Each structure stands twice: as structure tokens, then as C-alpha cells.
Protein chains: 2
Amino acid sequence: MKPTIRDVAKLAGVSISTVSRVMNAPETVVPEKRQRVQEAIERLRYKPNAFARGLIYKKSDTFGVMIPDIENPYYAGLLRGIQDAAAEMNHSVIICNTDRDRSRMLAYVRNLFEKQADGIIFASDSLHRELYDELKRSRLPFVLVSTDAPEYDAPSVDIDNEQAACEAVRHLIELGHREIGMIGFPVGNTISGAPRLAGFRRALAEAGLDHCASHVEFAAHRFEDACEAAGRLFVRAPQITAVFAASDEFAMGVIAYARDHGRSVPDQLSVVGFDDIRMARMFIPRLTTVEQPVYQIGVRAVHKLHELMVNGEVSVLHERLPHRLIVRESTAGLRV
Amino acid sequence: MKPTIRDVAKLAGVSISTVSRVMNAPETVVPEKRQRVQEAIERLRYKPNAFARGLIYKKSDTFGVMIPDIENPYYAGLLRGIQDAAAEMNHSVIICNTDRDRSRMLAYVRNLFEKQADGIIFASDSLHRELYDELKRSRLPFVLVSTDAPEYDAPSVDIDNEQAACEAVRHLIELGHREIGMIGFPVGNTISGAPRLAGFRRALAEAGLDHCASHVEFAAHRFEDACEAAGRLFVRAPQITAVFAASDEFAMGVIAYARDHGRSVPDQLSVVGFDDIRMARMFIPRLTTVEQPVYQIGVRAVHKLHELMVNGEVSVLHERLPHRLIVRESTAGLRV
DNA sequence: AACGGGTTTGAAAAGCTTTTCAGGGTCATT
DNA sequence: AATGACCCTGAAAAGCTTTTCAAACCCGTT
């Protein structure tokens with residue numbers, strides 16, 4: 001059996017109160033006893049029971065992270081930032097892979113609530129009404145990541161997706177491209193769907209290329225979906241010379257499809273991705289893409305959550321971290 | 001404040017014992033009261049406090065997963081299997097990213113112990129003495145994944161790394177290659193280092209190619225390391241026409257290096273990887289590699305841990321799941 | 001020597017649930 | 001009508017820690 005504070009007390013020949021004090025306010029007990037107690041703790045390898053503590057302090061030093069898909073490198077990077085920041089402050093993180101399944105999300109929230117998690121970080125899924133209500137009812141502090149949902153006034157950390165998308169497309173335009181397509185996330189379903197599409201349109205409008213605004217196909221989330229979407233896009237608008245992909249994985253899908261159909265990148269087709277996942281550097285050709293400070297986003301999310309837990313409120317509600325266009329090898333000037 | 005069982009009891013006009021019974025053995029309370037209690041529970045959205053329960057049942061329905069690097073797609077896949085299996089049985093998983101840092105691992109184990117985790121899944125890191133002792137002392141059930149450490153008699157789930165490596169190299173030999181190199185994990189540091197190297201050597205010996213046994217370079221873990229290692233390998237043995245890489249990420253590193261130095265894959269160099277991470281299908285060229293049933297490994301690990309928690313022992317100590325060579329585009333017959 | 005102040009200590013309560021135990025009630029049987 | 005058997009219910013204990021409160025002690029002062 002695990003030793004309890006009683007065992008320590010007995011071994012040291014003091015009361016349990018004294019043992020407790022040695023751990024929480026050592027200066028209030030005389031050095032001699034303090035020493036004895038500390039030795040007993042060491043000898044028994046005593047560690048206070050988190051359940052009993054939780055009962056008193058009403059917190060578990062644990063929070064949950066809900067993400068759609070751990071295998072997606074973007075979330076993996078996020079998770080890493082989150083985990084590091086959490087470990088830094090001695091908190092544990094419980095991971096909840098939602099697969100974008102609503103009932104699963106709901107179940108996770110209830111479970112986290114029951115397990116007395118101190119808070120929730122909610123990443124990238126669309127926050128539907130029912131879930132939002134459950135979250136509110138549970139009174140669990142939560143912050144949104146890569147999920148700006150202005151209709152709910154929940155704290156969030158993100159980049160400026162519209163602006164970033166706009167810059168990516170501008171890059172293509174500056175290279176001389178005039179027939180540009182996009183592979184986007186489905187707008188209703190995924191949060192970054194709408195703003196990235198808006199950024200695409202804005203860049204087009206600025207350059208007077210509105211005729212391209214309909215050169216858009218949507219893909220669920222994975223590489224394979226993007227390949228198919230690329231196929232549809234090339235049927236719909238065979239003349240395009242450049243594609244803005246809403247994620248690096250999509251960009252790879254487009255490039256793979258293009259290669260399989262005899263169009264080489266970047267010579268005959270320029271492709272710009274989004275996220276700068278680690279793979280973007282490893283892919284051939286190396287991907288031109290928009291870098292998100294994904295690790296930092298994770299760290300900030302934890303700090304924000306912590307702020308929320310401690311103060312009950314947060315100084316800046318919606319936080320936006322800087323992004324950056326990184327030009328590598330998958331885009332090139334238009335050859336006429 | 002969160003409602004407690006007391007609030008429910010008061011609202012329903014019964015004692016707390018009755019409320020508890022309604023939740024844990026409903027048939028022992030008369031239907032009329034049962035109904036009233038259930039209504040009260042609904043109304044207050046009462047959920048029993050996990051701390052109090054934990055104090056009684058002495059378990060948290062939570063376990064920890066220690067992995068070296070979430071961003072490594074191999075571990076992400078593993079984690080997904082683990083998480084799904086855990087959710088299936090209503091358990092939570094706490095994630096611990098070790099970065100292969102010994103003191104961090106030790107700290108995680110202590111933390112998990114203190115938080116009353118029910119068990120630990122330990123993946124891929126080398127299990128050094130100190131950690132093993134801590135684990136044993138903590139009495140926490142644990143299972144090893146991709147970490148066969150025969151010197152400790154701990155339950156494990158893995159594939160047959162040596163055999164798999166051997167088959168990968170045989171594939172190269174069957175394609176006609178006679179000058180074969182390898183990029184491996186450092187042997188002491190990483191667990192899959194030694195067996196994969198042994199498999200490489202065995203295949204060479206079988207084919208009478210022992211002169212290749214020294215065509216080996218080691219890389220830490222990442223793509224960039226593999227690029228450098230590839231550079232060293234080509235200096236050491238410029239004549240090689242094929243490379244066995246101990247991971248898909250290494251394979252990509254080799255291919256990237258080769259391409260940057262004017263050797264195209266697979267025409268002038270065949271490369272076989274290991275793991276079949278999702279990216280292996282997306283890379284150009286698509287990677288020939290050894291598939292590990294990574295999701296299944298995660299699932300089995302959870303089941304094994306559960307078995308261990310419930311029975312205190314496990315029916316088969318070391319479990320080996322099947323692997324499979326997948327031939328794609330990064331290997332080709334030798335042109336003379 | 002007695003008193004007062006401060007320090008140190010232990011007993012007990014609180015936090016929330018489950019479970020044991022005993023008491024109260026109901027019904028049937030004699 | 002009394003007894004017994006059985007069902008249902010509530011009080012209380014247990015699980016482990018922290019914290020409050022009061023008692024005990026020490027020292028110095030008058």
C-alpha cells in the first residue's frame with residue numbers, strides 16, 4: 001500500500017498535522033522535528049495523495065486539450081507548445097482527439113468536468129452551440145485556439161488568417177500569375193475555412209482578378225482529399241498557373257496530383273501552402289508557405305488559460321500572433 | 001459552486017445514501033424515490049466528484065503516455081491508437097513529451113504517481129536503470145512500446161525490428177544492389193537502433209555482402225541529421241547504389257540530400273525507409289518502406305496495460321505485431 | 001513566583017463520496 | 001395479534017489531506 005501521512009507521522013513520532021506543516025510551511029516547526037519528519041518522508045517515499053488534496057484545494061493541476069487529429073502535424077506542433085508550457089508550471093495535459101465528432105467532443109467535456117480538470121484548450125474545431133452551452137454550464141475556463149468564433153466572446157489565440165492568406169496570394173500575383181486557384185477547407189465545418197477564403201478573394205480583388213474568385217475547390221482535411229480536389233480544380237479551370245492551398249498537406253496533394261499528370265512544380269505550376277509544418281522543409285520541392293508560430297500559439301494558449309483560471313478574466317480577449325510568408329521552391333515566376 | 005450529492009439529496013428530500021444508491025445500484029431504491037432523485041440530478045446537472053471517488057476506489061481512470069517527441073509522426077500514430085482505445089474504456093490519457101531528457105522522464109513518473117495515474121505506457125526511449133527503479137518503486141503498472149528491453153522483464157508491445165530490417169535490406173539485394181549503405185539510429189541511445197542494425201548485417205551476411213557492413217552512418221532523429229549523415233555516407237562509400245534508412249524521416253533526408261547532389265531516386269539510388277508514416281505515401285517519390293501497425297500497437301498497449309492493472313499480470317509478456325514491406329517508388333532494380 | 005506573549009503542537013473538522021450497519025417499516029404466516 | 005423475514009432507508013465511518021482552534025509550552029518580565 002502507498003504510505004499515507006499517518007505512516008510518516010508514526011515513523012517520525014509526531015502528529016499528522018506536523019507532517020503536513022513540514023511540507024507546506026516548514027518554518028513553523030522546530031528544526032529537530034522537521035528533520036525527523038523529512039527523513040521519514042524520504043524513507044517511506046511518501047507523496048501526498050492527489051485525491052485528498054484535490055478535495056481540499058478543488059483543483060487538479062490538469063487541463064484538457066481538444067484537437068481534431070493528433071496525426072496532423074499542425075496539431076502535433078501545437079500540442080508540443082502546450083505540453084511544454086504546462087510542464088513548466090507543473091500541470092498535466094489530458095489529450096482528447098475529437099476526430100471532429102460532435103458527440104465525442106461533448107463526452108470529452110463532460111469527462112473533463114467530472115475529472116475536475118481545471119480548464120480546457122479547444123483547438124480548431126467548430127464550436128457549435130450545444131458544445132458552447134455545455135462548456136459554459138460546466139463553468140470550466142476555456143480558451144480557443146485557431147478557432148476565432150467572434151459570435152462567442154471566448155478568449156482565443158490565433159493568427160490573422162485572412163491577412164495571411166491574402167499575403168500568400170499576393171505573392172503569387174507578384175510572381176506574375178493571373179490565373180490562380182485555391183484548395184480550401186469546407187467553410188462551415190472548419191474554422192480556418194472562411195477567413196482564408198476571404199483573404200484569397202481580397203488579394204484577387206486588389207489586383208483586379210475577380211474572375212478567379214470561383215476557381216475554388218474544397219477538400220476535407222487530408223492529403224488524399226486534396227489530390228481529388230486538385231483534379232476537380234484542373235477540370236474546372238485548366239488554365240490556372242498557380243494554386244493557393246489552405247494547408248501544407250493540401251499543397252502536397254496538389255503537387256502530387258500535378259506531378260502524376262505531367263505538370264511539374266514550380267516550372268509549370270506554382271503552389272503556396274499554409275502552416276509551415278515540419279514537412280514543408282522536407283518535401284520536394286520545398287514548400288513556399290505561410291509560417292504560423294504554432295509552438296508559440298500553444299504556449300500562449302496555456303498562459304491565457306492560466307490567467308483565466310487565476311483571475312477569472314483575461315486582459316486581451318483575442319490574441320493574434322504574427323505570421324510570415326516563407327518563400328521556398330514550390331513557387332516561381334510565370335513563364336510566358 | 002458545483003452541486004454536491006448533498007444538494008441533490010436536499011432537493012429530492014432523501015438522504016445522501018439514497019442518492020448514491022440511485023447512481024450505483026438503482027434497483028435497490030423504490031421507483032418513486034428513484035425518479036425523484038434522478039430528476040434532481042438532471043436539474044442540478046450533478047456529476048459526482050472524481051476526487052472523492054478516487055479516494056474511495058483508489059483509481060483515477062487515467063494513465064500516462066511517455067513519448068520522445070509528439071511531432072514525430074510515428075508517435076502521433078501511436079498516440080492516436082492509445083487515445084482511441086483509452087476513450088473506448090472511459091479512461092483519460094495524460095501526455096508526457098520527454099524530448100529524451102532523463103530528468104524530465106523521472107519527473108513525469110513522479111508526477112504521474114502523485115496524480116494517482118493508474119498506469120504508464122512508455123514508448124521508444126531507452127529505459128535506463130534509474131528510471132526503471134523509479135517505475136518499480138512506484139508500483140505503477142507499465143508497459144513498454146517499441147522498446148524491447150529484454151534485460152528488464154517488463155511487458156512490451158513491438159514488432160520484430162531485426163527481422164523487418166532484414167527484409168527491407170533483402171528487398172534491395174533482390175533488386176540487384178551489391179553496394180548498400182545504412183543510416184541508423186545511434187545504438188546506445190535509441191532502442192530500435194541495435195536490432196535494425198543487426199537486421200541489416202544479417203541480410204548482408206546471408207548474401208555474402210559483408211564488405212558493406214561498415215557502410216553505416218548514424219543520425220540523431222531528425223530529417224536534418226539524416227541529410228548530414230547521408231553526406232558522410234557518400235563520402236565514406238561513394239560506390240553505394242542503395243540505402244536502408246532506419247526511419248522514413250531518414251529516408252526523406254537521404255533522398256533530399258541525393259537530389260541536391262544530383263543523384264535521382266530511384267534511378268540512381270534506391271532508398272528504403274521504415275515505419276510507413278503517413279507522409280511516406282505523400283512524399284515524392286512515394287517511399288518504399290516497412291509498415292508498422294502503429295495504431296494497433298497503441299491499442300494493444302492499452303489493452304495490455306489494462307490487463308496488467310486488473311490481473312496484476314499479463315498473459316504474454318512480449319507481444320510482437322506483424323510488419324510488412326511496402327514497395328512503392330523509391331526503390332528500383334539496379335541498372336548496370 | 002506569577003503573569004503575559006509568542007511559539008509549537010495535536011485534536012478535530014472539513015472536503016465528497018461509497019459502503020456498512022442497524023433501525024424502521026411492510027407483509028405474510030402462524 | 002404476534003412473530004419473523006425481508007425490503008428500504010438513513011446515520012455514520014472510512015478514505016487522506018489541510019486548516020483551524022485551542023492547549024501546552026517556553027521565555028522573559030515584573
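Residue numbers start from 1 in every chain, and the chains themselves are labelled A, B, ... in the order their sequence lines are given, proteins ahead of strands. Fair warning: this is a prediction, and the values are worked out from it, not measured in the lab.
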Does the pair Arg102(B)/Glu130(B) count as a salt bridge with the N-to-O cut at 4.0 Å? no

Flag this pair as yes if the NZ/CZ of Lys2(B) is under 6.0 angstrom from the six-membered ring centre of Phe113(A) and inside a 45 degree cone about the axis; otherwise no. yes

Distance-minimising heavy-atom pair for Ala50(B) and Glu114(A): CB-O, 3.0 Å

With the sugar-phosphate defined as primed atoms, P, OP1 and OP2, and the base as all remaining atoms, what B/S/- string results for nucleotides 5-17 of chain C, 5' to 3', for protein heavy atoms under 4.0 Å? ---SBBBB--BBB

Check the angle between the aromatic planes of Tyr152(A) and Tyr132(A) and answer parallel, tilted or perpendicular using the 30° and 60° thresholds. parallel

Kindly write out the residues that satisfy salt bridge (charged side-chain N to carboxylate O under 4.0 Å, His left out) with Asp69(A), not counting sequence neighbours, or none if the list is empty. Arg222(A), Arg80(B)

